[in-house]
Amino acid sequence: MSIDIATRGTSLHVTDSIEQRQCVLRMPEPAATESIDGDRFYFPVDAAARIDTRSVTLGSYVATFVRDGDGDVVAQMDRTDELSLDPGEYLIELEQPVKLYVRIEGSLTVETNGMTTTVSTGGDLFVAGRSRHNHPAGTITTTEDPREMMRAVSAMSSSLKTTSVERSYPTLRGHPPEIELGDELAVPDGMAAADAGVRIEVPPQLRFVYPVAPLAFYLGAEVVPGNVPRLVGEAGFSYRLDGPDGFEATVAETLKQTLLFDCVARTEGFYAVDLAEREDVDAAVDLDWADLYGRSLSARLDAYLSIPYDRIADCVPEWKTAGYVAPDPENAELLPYLIDDLATIKTPAGEPTTAEQVQTDSLFDFARAADSAPSTDAITGPTRSATRATGRAQAPQGPLPDLVEPEPTGAFETVWADDGVPVGATKASIDGYRNGLEHTPSEEIGVTVVVNDEGMTEEGDVAQEVYGDDAEFPFDLRVYRNLTTDRLKAVLETEREFLHYVGHIEADGFECTDGRLDARDLDFVGVDAFFLNGCASYDQGMGLLENGATGGVVTLTEVVNSGATRVGKAMVKLLNHGFSLNAALSVASQQSFVGGQYSVVGNGNLDVVQGDGLGGIITEISSSGDGLEVVVHIYPDDDVTAGAMASPTIGSDIRQHLVPGTLGPVYYTDTEKLREDVEGDLIKYDGEIDWSSNIDL
């Protein structure tokens, strides 16, 4: 059982040891727990317990549904609200990194104040949790033959927990099974297309099979050979997938439109939430959502796709992931991880570039965003190249990887699965994804900081200060300085959740006090995630992935030390606030003129520490006339992907919004009210990132 429910003093901990997720609730006094059968809860749960207490408090605001014993919603709590109900049976649903339920047998009081949620009773209180299960449940083997690849892709939808419109909720989709190449097709028992009455016909070529894989998964459709790309369903339904914008664009638009409309239709079902996107969609189309909710998939698709995509394009939320995947057989093994994010998939499109051009573009983009250019001294200062640590140079010693600039996708993350090293995108690594499946959870989050150059102690000091100051999820922090090759080898081989490396790096190794250590020569890497803040660290990052790591952030070119320090300090704060590697880099890279020279390798969804809620959240404040403009950016992670929703913690808008994305803007003239609303948030103000308590508005 992956879920554990236990008390520690006045804290109640609900922990998912497999997914490394935890919810902490406060109690008025220490209390005992007693394990019970989960049948008391209307929804499926992995563990349940009776808690000898009369109240529990969650230290954050979340959308709160209150149901009766039959599962019917009797109340939905707003951001600042109070509810009291007579004795009965009640179920309170709390959206957390571990799906959380509180069952009450007796009177019920629920209070929310925008910062906390408290559930109290005069009777018995029970707590249960359900894992989000972000790991694949098994493995499908396929040959390189496109027709057999179609059957493997069809079986991906076996992880869907429902084929109703509620599959638009990420928690009801499940991680698809793994795919491995082998000598013959082998689909385990129970792994078949979800049989939702729809099939996708495409020519039996990988350049057609890969792009339709996420759509087939989401629809529960079987992929079969056909001369013309199209969706085919019951009662004569048929829809061409080679529209005016081309095959790949049409498939991507079909996936986005179907997901959006399912999110709107689901408001007529089990979760009757006030969804902001429904108002936007209703202004553009005339569909009977209540009728569509109960119709077959073919009937819904027939209605959905009768609406031109252009009419609702502005209503589609920002997409989490776009994948550029070369139609090579070995890339089939990456599909389950991209499908899990409902990524749109296209054949690679981009242009070769150079280190010099990457540096120039990074400087130009930063100057344009900041409306000012960095000083000449900053640009020409010392670098983190071991051989060029004094003075500006275009490249460190040794060959740099072949760089490519992918065409923009508009997604939060672009994944590149082809030759070359992508600029501004994630380099896919099947090693990284699979290494993550082998991760063994530990009681504490092991963080290692290595500062291998005396001239870079500032970043190391900040890392030590931030990682060492977290009472809710304490770190096992270890800091090393000026390591030899043998000492660094031992550090890299030690099982730890995160490595923050500060120092000089060349393509052929980490610079140590007695020479260089090449990560590609290691037999084993125990580090899960890493941030290699040195020059041209891509090759060493890939070496870590090949030998055991899951994902990390690297540099593609030489980086100036002053700029690298700014990026590093921002990364520390963001990772400590629950941001994934990819989300943290997307924000931290805006802090310096060298930001465009960094990239993610491996699994960019990986996070180091669990945040207070779902996703990485940063509140951006800027001057606007006589007041302040505030927006909340919700960045994706493993828990926040297409179909998730959240309510803003600012202003008076209490509707649910599809996330990831940006909520707001909200305008404030009362700074004290603003301080109250953003208390405890990570803030971006005047271009700087810091905690709300340190911001002088």
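Values reported hereafter were calculated over all heavy atoms of this structure, with side chains retained and with hydrogens, waters and symmetry mates removed.
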**Q** Looking only at non-hydrogen atoms, find the nearest pair between N605 and S580 and report the distance.
**A** O-CB, 3.5 Å

**Q** Flag the pair R167 and D262 as a salt bridge only when some basic side-chain nitrogen lies within less than 4.0 angstrom of an acidic carboxylate oxygen.
**A** yes

**Q** For the residue pair V449 and V479, establish whether any side-chain heavy-atom pair is separated by less than 4.5 Å.
**A** yes

**Q** Just so I know, are the side chains of L85 and V74 near enough to count as touching, which here means a heavy-atom distance under 4.5 Å?
**A** yes

**Q** Ignoring hydrogens, what is the shortest heavy-atom contact between S168 and Y218? Give both atom names and the distance.
**A** CB-OH, 3.4 Å

**Q** Quick one: which residue pairs count as a salt bridge (charged side-chain N to carboxylate O under 4.0 Å, His left out) with a foot in residues 47-59, not counting sequence neighbours?
**A** R50-D124

**Q** In Å and rounded to the nearest 0.5 Å, what is the CG to CG distance from N435 to L606?
**A** 11.0 Å

**Q** Looking only at heavy atoms, what is the nearest atom pair of T641 and D341, with distance?
**A** OG1-O, 3.4 Å

**Q** For a side chain to side chain contact (heavy atoms under 4.5 Å, CB included) check, start with the C-alpha distance between Y598 and F531, then their side-chain angles and the critical distance, and finish with the verdict.
**A** CA-CA 10 Å; Y598 289 78; F531 175 39; 3.8 Å; yes

**Q** Going by an N to O cut-off under 4.0 Å, is there a salt bridge joining K99 and E93?
**A** yes

**Q** Backbone N or O of R655 within a donor-acceptor pair of the D653 side chain at under 3.5 Å?
**A** yes

**Q** Can the positive tip of R67 be found less than 6.0 Å from the middle of the six-membered ring of F270, inside 45° of the ring normal?
**A** yes

**Q** Look up atom NE2 in H175 and atom CG in L437, then write down how far apart they are to the nearest 0.5 Å.
**A** 7.0 Å

**Q** Is it the case that the side chain of K684 and the backbone of S622 share a donor-acceptor pair, with hydrogens and angles ignored and the cut-off at 3.5 Å?
**A** no

**Q** Measure the OG1-CG distance between T53 and L125 for me, rounded to the nearest 0.5 Å.
**A** 7.0 Å

**Q** Are any of the side-chain heavy atoms of F579 and V608 separated by less than 4.5 Å?
**A** no

**Q** Start with the C-alpha gap between S120 and T109, add the side-chain angles, then the distance that decides, and say whether side chain to side chain donor-acceptor pair (under 3.5 Å) holds.
**A** CA-CA 5 Å; S120 305; T109 300; 5.9 Å; no

**Q** Indicate yes or no: at least one non-hydrogen side-chain atom of F126 is less than 4.5 angstrom from one of I51.
**A** no

**Q** Side chains of P87 and S107: closer than 4.5 Å at any heavy-atom pair?
**A** yes

**Q** Restricting to non-hydrogen atoms, name the atom on P665 and the atom on E629 that form the minimum distance, rounded to 0.1 Å.
**A** CB-CG, 3.6 Å

**Q** Measure from the ring center of Y501 to the ring center of F530 and say whether it is less than 6.0 Å.
**A** no

**Q** Do T426 and T414 have side-chain heavy atoms sitting under 4.5 Å apart?
**A** no

**Q** Quick one: do R266 and E268 make a salt bridge, cutoff under 4.0 Å?
**A** no

**Q** Flag the pair K161 and E166 as a salt bridge only when some basic side-chain nitrogen lies within less than 4.0 angstrom of an acidic carboxylate oxygen.
**A** no

**Q** Taking atom types as modelled, is there a side-chain donor on T15 or D4 under 3.5 Å from an acceptor on the other?
**A** no

**Q** Who passes side chain to side chain donor-acceptor pair (under 3.5 Å) against E679, sequence neighbours left out?
**A** none

**Q** Measure across A570 and I689 and return the closest heavy-atom pair with its distance rounded to 0.1 Å.
**A** CB-CD1, 4.5 Å

**Q** For the residue pair Y635 and H633, categorise the inter-ring angle as parallel (less than 30°), tilted (30 to 60°) or perpendicular (more than 60°).
**A** tilted

**Q** Would L338 and V415 count as a side chain to side chain contact (heavy atoms under 4.5 Å, CB included) if you check the C-alpha gap in whole Å, the side-chain angles of each, and the deciding distance to 0.1 Å?
**A** CA-CA 9 Å; L338 295 173; V415 176; 4.1 Å; yes

**Q** Would you say that V450 contacts H500 through its side chain, given a criterion of any heavy-atom pair below 4.5 Å between the two side chains?
**A** no

**Q** Going by an N to O cut-off under 4.0 Å, is there a salt bridge joining R278 and D280?
**A** no

**Q** Identify, with sequence neighbours excluded, every residue that meets side chain to side chain donor-acceptor pair (under 3.5 Å) alongside N694.
**A** D690

**Q** Walk me through it: do D476 and I445 pass the test side chain to side chain contact (heavy atoms under 4.5 Å, CB included)?
**A** CA-CA 6 Å; D476 173 14; I445 300 169; over 6 Å; no

**Q** Applying side chain to side chain contact (heavy atoms under 4.5 Å, CB included) between T112 and each of T117, L58, L83, report the one that passes.
**A** T117

**Q** Between K573 and E688, does a salt bridge (Lys or Arg N to Asp or Glu O under 4.0 Å) hold up when you go through it step by step?
**A** CA-CA 11 Å; K573 295 174 183 177; E688 298 293 329; over 6 Å; no

**Q** Kindly indicate, with the supporting measurements, whether the criterion side chain to side chain contact (heavy atoms under 4.5 Å, CB included) is fulfilled by E89 and I104.
**A** CA-CA 6 Å; E89 295 182 356; I104 297 297; over 6 Å; no

**Q** First locate atom CG of L499, then atom CG of D528, and finally report the distance between them rounded to the nearest 0.5 Å.
**A** 11.0 Å

**Q** State whether the number of non-hydrogen atoms from other residues, nucleotides or ligands found under 6.0 Å of D72 atom CG is greater than 12.
**A** yes

**Q** Closest approach of T33 and I5, non-hydrogen atoms and distance?
**A** OG1-O, 4.2 Å

**Q** Apply side chain to side chain donor-acceptor pair (under 3.5 Å) to R173 and list each qualifying residue two or more places apart in sequence or on a separate chain.
**A** none

**Q** Name all residues meeting the ring-ring contact (aromatic ring centres under 6.0 Å, His included) criterion together with Y90; count only those two or more places apart in sequence or in a different chain, and write none if there are none.
**A** none

**Q** Which value, rounded to the nearest 0.5 Å, describes the distance between I695 atom CD1 and I621 atom CD1?
**A** 7.0 Å

**Q** Would a distance-only check, ignoring hydrogens and angles, find a side-chain to backbone donor-acceptor pair under 3.5 Å from S592 to R566?
**A** no

**Q** Salt bridge or not for D677 and K673, using N-O below 4.0 Å?
**A** yes

**Q** In chain order, what residues pass the side chain to side chain donor-acceptor pair (under 3.5 Å) check against K569, with sequence neighbours excluded?
**A** E458

**Q** Ignoring hydrogens and angles, tell me if any N or O in the side chain of E497 forms a donor-acceptor pair with the backbone of V447 under 3.5 Å.
**A** no

**Q** Hey, can you tell me if W691 and H577 have their rings parallel, tilted or perpendicular (30° and 60° cut-offs)?
**A** tilted

**Q** Would the distance check show the side chain of E277 and the main-chain N or O of L658 forming a donor-acceptor pair, the cut-off being under 3.5 Å?
**A** yes

**Q** Is there side-chain contact between S624 and Y667, with heavy atoms separated by less than 4.5 Å?
**A** yes

**Q** How far does CG of L574 sit from CE of M571, to the nearest 0.5 angstrom?
**A** 7.5 Å

**Q** Under 3.5 Å, is there a donor-acceptor pair between the side chain of R103 and the main chain of R40?
**A** yes

